[in-house]
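Because only heavy atoms are used, hydrogens play no part in the values below, and waters and symmetry mates are left out as well, while side chains stay in. For ligands, and for the atoms within them, numbers begin at 1 and follow the listed sequence.
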Amino acid sequence: MTTEINVGVKSQIKTALAEVNKRDIKNVFFVACGGSSALMYPSKYVMDREAKGIDSYLYSSNEFIYRNPVKLGVNSLVILCSHSGTTPETVESAKFARSKGALAISLTNEPESPLAKESDVFLKYEWGKEADAFATNYSVMYQLVFGVLNLVENNDKYERIEKNLEKLQSTYNRVLKHTAAAAHEFAEKHQDEKIIYTMASGANYGVAYSFAICILMEMQWIHSHAIHAGEYFHGPFEILDKETPFIILLGLDETRHLEERALSFSKKYGEKLTVLDAKEYDLSDIDEEVKGYIAPLVLNYVLRQYADKLAEKRNHPLSLRRYMWKVEY
Ligand SMILES: N[C@@H]1[C@@H](O)[C@H](O)[C@@H](COP(=O)(O)O)O[C@@H]1O
C-alpha cells in the first residue's frame with residue numbers, strides 16, 4: 001500500500017513538472033497560511049541555496065494578494081498549500097495567481113477542495129500517523145521544488161533528495177525512539193508554563209515558527225514567539241532569565257553557527273532550556289550533502305512528539321479551538 005501511494009506521489013510530481021516544462025519559469029512564489037506556510041520555509045531556504053537563476057519569495061496568502069508583487073506574471077510559478085484546501089485567502093491567492101497568467105500548483109490533503117479546483121495542478125499529500133513520510137507535506141514540497149530546480153536549472157540533487165525522502169520514515173522511527181524520554185520530560189516540566197519561546201535559524205526557522213504559532217498558541221493556548229537566532233541579540237535576549245523557558249533548535253545547515261551562538265549565551269544566563277540538536281540524531285541513512293535540508297523535517301517530527309506529550313499532560317487536546325473554524329474571522 002505504502003509503495004503504491006509513493007508511486008502515486010511520484011506520478012503526481014511528474015504531472016506537475018510537465019506543466020512547469022511548458023512555461024519559462026523565472027520566479028517562484030510560496031503562498032500559504034499558518035502551518036501550511038511554515039512548511040514552505042525549508043523550501044525557501046533550498047531555493048536560496050540552490051537556485052542560480054530563479055528568484056523566490058514567500059508570502060502569507062492575503063499579503064500576497066494585497067501586496068501584488070510586480071514580478072508576478074506569466075513567468076511565475078506559484079506554489080500554494082492548504083491542508084483543508086478551504087482557507088479562503090489561499091484559495092483566492094490561487095485565483096489571483098492564475099489571473100496574472102502564473103502557473104498555480106497547490107498541495108493539499110483534500111483533492112475535492114476549492115483550492116484543488118482553483119489550481120492548474122494539485123498534489124495530494126498523505127497525513128496522519130499511518131502515512132509514510134515520503135507521501136507527506138514536507139516531502140512532497142521538496143520533491144516539487146527539487147524537481148523544478150532540476151528541470152529549469154539542471155540542478156543534480158533531485159534524485160538524491162527523492163532517494164533520501166524514501167528513507168525518511170525509517171529515520172523518523174529511529175529518531176523518535178531516541179527522543180521519547182526527552183519528550184516526556186519536557187511535558188512534565190512545562191505543563192504549567194504560561195509562556196514558552198522557540199528559537200532557530202536557516203532551514204529550521206519555520207519549524208520554530210510553526211511550533212510557536214500552531215502548537216503552543218493555537219493548540220495549547222500558551223503564549224509564545226518564534227525568535228530568529230540571528231535576531232536574538234537585537235532585542236529578545238533581554239527577556240532571558242532563569243525562569244523563562246526556551247526551546248532551541250540546532251539544525252545541520254549553513255546557519256548552525258547562529259543557533260549555537262544563541263544557545264551558548266542562553267546557557268550562561270538561562271536555565272529552562274530545551275535543546276533539540278539534529279547532530280544527536282541518527283541520520284546515518286541520509287546523504288551528507290542534503291542533511292541540512294532534511295534536519296528541519298526531522299526536528300519537526302520530533303517536536304510533534306513533544307506536542308503530543310504536552311497536550312496529554314495538560315489535558316488540553318491539540319484539536320481544541322476557541323475561535324478557529326467556529327466564529328467569523
Ligand atoms: N495550524 C494550522 C493553522 O495555522 C491554519 O490556519 C489552519 C488552516 O490551514 P490550511 O489552509 O492548511 O487548511 O490549519 C491548521 O490548524
Side-chain angles (χ1 to χ4, degrees), residues 12 29-44 58-66 78-98 104-119 121-129 131 135-142 144-145 196 198 200 204-226 247 296-297 299-311 314 316-329:
Q12 290 190 77
F29 291 86
F30 294 102
V31 179
C33 293
S36 290
S37 171
L39 75 87
M40 294 174 157
Y41 284 43
S43 288
K44 167 70 176 132
L58 188 147
Y59 292 111
S60 183
S61 305
N62 238 0
E63 172 90 13
F64 172 67
I65 298 168
Y66 282 89
V78 180
I79 302 178
L80 306 113
C81 181
S82 172
H83 185 74
S84 59
T86 58
T87 296
E89 50 266 57
T90 307
V91 177
E92 271 313 304
S93 291
K95 282 192 207 166
F96 178 67
R98 292 178 78 193
I105 300 181
S106 60
L107 277 72
T108 181
N109 187 235
E110 297 293 342
E112 300 301 327
S113 64
L115 180 63
K117 293 196 168 85
E118 295 298 345
S119 305
V121 184
F122 72 88
L123 303 166
K124 189 220 180 295
Y125 62 78
E126 302 300 316
W127 176 255
K129 295 217 183 327
T136 57
N137 48 14
Y138 275 97
S139 165
V140 173
M141 187 67 77
Y142 267 0
L144 176 63
V145 164
I196 304 173
T198 63
N204 317 298
Y205 178 71
V207 177
Y209 175 61
S210 103
F211 198 77
I213 72 151
C214 295
I215 302 294
L216 295 173
M217 298 172 87
E218 174 187 334
M219 302 184 195
Q220 290 296 295
W221 309 348
I222 293 175
H223 293 283
S224 189
H225 173 55
I247 297 174
L297 281 55
L299 287 166
N300 186 63
Y301 198 78
V302 171
L303 273 176
R304 188 66 194 200
Q305 182 190 35
Y306 279 55
D308 286 338
K309 298 277 178 219
L310 185 65
R314 299 179 75 239
H316 183 124
L318 294 171
S319 56
L320 200 63
R321 303 285 184 281
R322 280 189 282 215
Y323 316 115
M324 194 177 272
W325 307 306
K326 290 190 162 170
V327 301
E328 204 143 326
Y329 54 94

Nearest-neighbour protein heavy atom for atom 6 (O) of ligand 1, which is reported as residue plus atom name and distance: Met324 CE, 3.8 Å

Residue, atom name and distance, where the atom is the protein heavy atom closest to atom 7 (C) of ligand 1: Trp325 CZ2, 3.8 Å

Test side chain to side chain contact (heavy atoms under 4.5 Å, CB included) applied to Leu58 and Ser37, step by step: CA-CA 8 Å; Leu58 188 147; Ser37 171; 4.0 Å; yes

Shortest protein contact, atom 13 (O) of ligand 1 (heavy atom only): Ser84 OG, 2.6 Å

Residue and atom name of the nearest protein heavy atom (relative to atom 12 (O) of ligand 1), distance in Å to one decimal: Ser36 OG, 2.5 Å

Contact check, side chains of Glu110 and Thr86, non-hydrogen atoms, under 4.5 Å: no

Donor-acceptor pair, side chain of Tyr125 and main chain of Tyr138, under 3.5 angstrom: no

OG on Ser139 to CG on Leu144, rounded to 0.5 Å: 11.0 Å

Ligand 1 atoms in contact with Gly34 (distance to a heavy atom under 4.0 Å): 4 (O)

Atom 15 (C) of ligand 1: nearest protein contact (heavy atom, Å): Glu218 OE2, 3.8 Å

From Ser106 atom OG to Glu118 atom CD, the distance as rounded to the nearest 0.5 Å: 10.0 Å

Geometric N/O contact Thr87 with ligand 1, under 3.5 angstrom: yes

Any N/O pair Gly35/ligand 1 closer than 3.5 Å: yes

